[in-house]
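Working notes, structure below.
Below, chains carry the letters A, B, ... as their sequence lines are ordered, and counting in each starts from 1.
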There are 2 protein chains.
Amino acid sequence: MAVFLSTYVNKVDKKGRVSVPSEFRKVLSGQTYQGVVIFKSLRYPALEACSAEHMEQLSEDLDAQDISNEDYEAIETSIFGGSVQVPFDGEGRIVLPEHFARFANITDEAAFVGRRKTFHIWEPTALATLEDSMREKARSRDISLSKIVAKASQMRGAQS
Amino acid sequence: MAVFLSTYVNKVDKKGRVSVPSEFRKVLSGQTYQGVVIFKSLRYPALEACSAEHMEQLSEDLDAQDISNEDYEAIETSIFGGSVQVPFDGEGRIVLPEHFARFANITDEAAFVGRRKTFHIWEPTALATLEDSMREKARSRDISLSKIVAKASQMRGAQS
DNA sequence: TGGACTATCATGGGATTTTATGGGCCGTCA
DNA sequence: TGACGGCCCATAAAATCCCATGATAGTCCA
C-alpha cells in the first residue's frame, strides 16, 4: 500500500493555490474523490490532510474505540466539524481556505510532510524548528530503526 | 533471504545520479517497487536506505509495539517525513536529493555499505574515519569473531 | 594455458516528458 | 458591474528516459 513519504516545499500563489506534490497525488490517484480533506492539527500549528476514504476509516475507528463521551464530542467537533474537502484543480493544486492558512501561518510557502496515512501542511520555518527538536528527541532516546525492526521480528518469532 | 553485504564506492555525476551496486539491486529485484527509501541516519552523518517493503514492515511494527505517543510522533516526523522514495532509472541509478546529499556531505563519490536489511550511503572519507575508530574500539575490547561463532554453536549444541 | 569473445556494469550525455508555477479568460452570483 | 471561483493555457525548470561508451570480469575454445 502506498503511503505519504518525504517532505516537499511548494509555493502559494496570490490566488492561494498550492501544488500538492505529485508523489502525494499518486498515492491519492486511486481514490474516487480527487482532492483531500483538511483539518487543523490538535497537536501542532499545522494542517493535517488525508484522503476522503481515510477520513471515513478514522470515523469508524473512533466508534470502535473506547473513548469517553467528552473526548468523542471534542474530536467530532474539532476534526469532523472543522474539516474541509478541497478538490484538485486541473494541475493538481488546491486552495487553502484562508482561515486554515492563517491557523498554520502559511503565507507564501507550504511544506507538505508525509506521515504515512496522512500528511501535514506546515509553514516551512515552523516545521524546521519542530524537526530539529524531534530529531534530537529521537536521538536522545536512542531510537534506532534496526532495533525496532529487531524487536518486532522477535515478537513475530515468539508468536509462531 | 538475500541481504546487503560489502562496501562499494561509486561516482556521483553532475546530475546527482549514482549507480546502486548491482549486488544490492539483485537483493531488491524481487520487490514490486523498483527503488529504495532513503532517510538520514540518526546516529551518523550518513544516509540509510532500504526497500519500500521494509519500510512498510517498519510501519506495521511501529503500530504493533508499545511505544509512547511522544516517541511515536518523533519517529513519524523524523523518519517518515524525513525520508524519500527514490526510483531506479533504467540503468539502476538513483538521484540523491540535494538536501540529503548535503546532510551526508556527499559530492562526487558515494560509498554503499551493506548492513543486512538496510544499507548506508556515506561520503567515502567520513566512512574511512569511522571504520578506523570502530576497528580501534573492537580491538580494545578484544572482540573476536571466531569466539562469538564458537560460543553460539556451543549454545546451539546445548539446545538440541 | 592463453587468448579472443561476450556479458555485465558503471558512467556520461542528450532528448523528452513531467512538474510546478504563473497568468488570463469566462462564466456566476451578489 | 464587479468580485470571485473555476477552468484552460503557457513556460521554465527539473526529473526521467534512452542510447552510447569504456572498463572489467568471466567464459569458452583452441
Rounded to whole Å, please give me the gap between CZ in R93(A) and C1' in dG22(C). 8 Å

Does S22(B) reach a base, just sugar-phosphate, or nothing at all? Heavy atoms under 4.0 Å. sugar-phosphate

Does V20(A) reach a base, just sugar-phosphate, or nothing at all? Heavy atoms under 4.0 Å. sugar-phosphate

Nearest whole angstrom, please: distance from the C1' of dG12(C) to the CG of D108(B). 15 Å

So does D61(A) have more than 12 non-hydrogen atoms from other groups sitting under 6.0 Å from CG? yes

What is the separation between atom OH on Y8(B) and atom P on dT24(D), rounded to the nearest whole Å? 17 Å

List the steps and the verdict of salt bridge (charged side-chain N to carboxylate O under 4.0 Å, His left out) for E73(B) and R115(A). CA-CA 10 Å; E73(B) 284 287 327; R115(A) 307 253 314 188; 2.9 Å; yes

Does any donor-acceptor pair link the side chain of E91(B) with the base of dC17(D) at a separation under 3.5 Å? no

Judged by nearest nucleotide, the residue sitting upstream toward the 5' end of DNA chain D, F88(B) or V95(A), is V95(A)

Below 3.5 Å, does any donor atom in the side chain of E23(B) face an acceptor in the base of dC9(C), or the other way round? no

Side-chain touch V18(A)/I106(A), heavy atoms, less than 4.5 angstrom: no

For E109(A) and dA20(C), give me the distance from atom CD to atom P, rounded to whole Å. 14 Å

Separation of dA10(C) P from K11(B) NZ (nearest whole Å): 13 Å

Rounded distance in Å - CD1 (I94(B)) to P (dT16(D)): 12 Å

Round to the nearest Å and state the distance from K15(B) atom NZ to dC17(D) atom P. 12 Å

Between NZ of K14(A) and C1' of dG5(D) the distance, given in whole Å, is 17 Å

Please tell me whether F4(B) and F24(B) form a close aromatic pair, meaning their ring centres lie under 6.0 Å apart. yes

Do the charged groups of E131(B) and R135(B) touch, with an N to O distance under 4.0 Å? no

DNA chain D: K26(A) or G90(A), which has the more 5' nearest nucleotide? G90(A)

Establish whether the base of dG6(D) is bridged to the side chain of R17(A) by a donor-acceptor pair shorter than 3.5 Å. no

